[in-house]
Amino acid sequence: MHETGSEFLTPPRAWFARDALELAPVLLGTRLISTIGTEPVELVITETEAYRGRHDPGSHAFRGMTARTEVMFGEPGHLYVYFTYGMHWCANIVCGRPGEASAILLRAGRIVKGEEQAKRRRPASRSIRDLAQGPARLTKSLGIDGEQNGLDLLSPSTPVQLVTDTTAEDGGLDISTGPRVGVSGPGGDGEFFPWRFWITDDQTVSRYRPGKKPALRQPGRPE
DNA sequence: ATTAGGATCTTCT
DNA sequence: GAAGATCCTAATG
């Protein structure tokens, strides 16, 4: 096997400047490295969700720019971190062109480094599998909160780095798609669109509403 | 394995 | 004033 040959690099700004539906599956298999705190934590992104800016009724940006959504309207490659349910933080990567307000929600990951640190942050975790199994669990494991809202992933001194394996084969991952969580389609007709992406059969992918929503295999259409 | 209810507070109507 | 891009615990099959 090729133990050597992996080369993890941070992609350039232009890599983030594309449509959310295109970038969301590409983010699968890439890694996040957090140096927040004493011990670095690294994970492989296993589940993402696309939010297509101000034209997407499911997006926070749909009602226009507010204090909360300001970061989404800015430059791609920054972190949009929001607070929800009175206690949880969720992280997005801003994408598309400035002003578009598109972003990718990071829904789940597989911890590959700093498991001890992650577990310290998530005492309720029962196994390595569920450490970052869910958007709020993912941020908790990495130590991300409101402090990181607006953070530039491409800053030389960023405490949260995104890296891709430049030697990996394109299309080497089996990717599934399905409806977003609790978000109806852009037509407002209650139809669900497959704008969620995950690595097929990966055990760290978040689980909710068990058993009822079949996963679709076709990518969602833009409008 | 699955479900129900509670926690907790910002954001925008 | 209500809902929210969620998680945890406890109880039940």
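Just so we're on the same page: letters track the sequence lines, and every chain starts at 1.
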*A/Leu162 and its side-chain contact (heavy atoms from CB on, under 4.5 Å) partner, picked from A/Leu79, A/Ile33, A/Leu154, A/Ile45*: A/Ile45
*Starting at OH of A/Tyr82 and ending at C1' of C/dA3, how long is that distance when rounded to a whole Å?*
13 Å
*How about A/Phe197 and A/Leu21: do any of their side-chain heavy atoms sit closer than 4.5 Å?*
yes
*Tell me whether the OP1 or OP2 atom of C/dC8 has a side-chain N or O from A/Arg137 closer than 4.0 Å.*
yes
*Protein-nucleotide distance (A/Asp145, atom CG; B/dT10, atom P), rounded to Å*: 14 Å
*asked:* Can you tell me how the ring of A/Tyr82 sits relative to the ring of A/His60, calling it parallel under 30°, perpendicular over 60° and tilted otherwise?
replied: perpendicular
_Ionic contact status for A/Glu49 with A/Arg180, cut-off 4.0 Å_ = no
_Suppose we define a pair by two distances each less than 3.5 Å, Watson-Crick or G-U wobble; what does B/dT8 pair with here?_
none
*asked:* Nearest whole Å is fine: how far is C/dA5 P from A/Ile93 CD1?
replied: 19 Å
*If pairing requires Watson-Crick or G-U wobble contacts with both distances under 3.5 Å, which nucleotide is the partner of C/dA5?*
none
*OP1, OP2 of B/dT8 versus side-chain N and O of A/His88: anything below 4.0 Å?*
no
_Taking only side-chain N and O atoms of A/Thr66, does any of them lie within less than 4.0 angstrom of OP1 or OP2 on B/dC12?_
yes
*Candidate nucleotides C/dC8, C/dA5, B/dT8, ranked by approach to the side chain of A/Ala124 - the nearest*: C/dC8
_For A/Ala136 versus A/Cys90, what's the shortest heavy-atom pair and its separation?_
N-SG, 4.3 Å
_A/Tyr85 (side chain) and B/dA7 (base): donor-acceptor pair under 3.5 Å_ = no
*In whole angstrom, what separates A/Glu49's CD from C/dA5's P?*
10 Å
*Separation of A/Arg180 atom CZ from C/dT6 atom P, in whole Å?*
12 Å
*Under 4.0 Å between a side-chain N/O of A/Arg107 and OP1 or OP2 of C/dT6, yes or no?*
yes
*Provide, to the nearest angstrom, the distance between the NE2 atom belonging to A/His60 and the P atom belonging to C/dA3.*
16 Å
*Rounded to whole angstroms, how far apart are CZ on A/Arg63 and P on C/dG4?*
11 Å
*asked:* Under 4.0 Å, heavy atoms only, any strand: does A/Arg122 hit a base, just the sugar-phosphate, or nothing?
replied: sugar-phosphate
*How close or far is atom C1' of C/dA5 from atom CE of A/Met87, stated in whole angstroms?*
15 Å
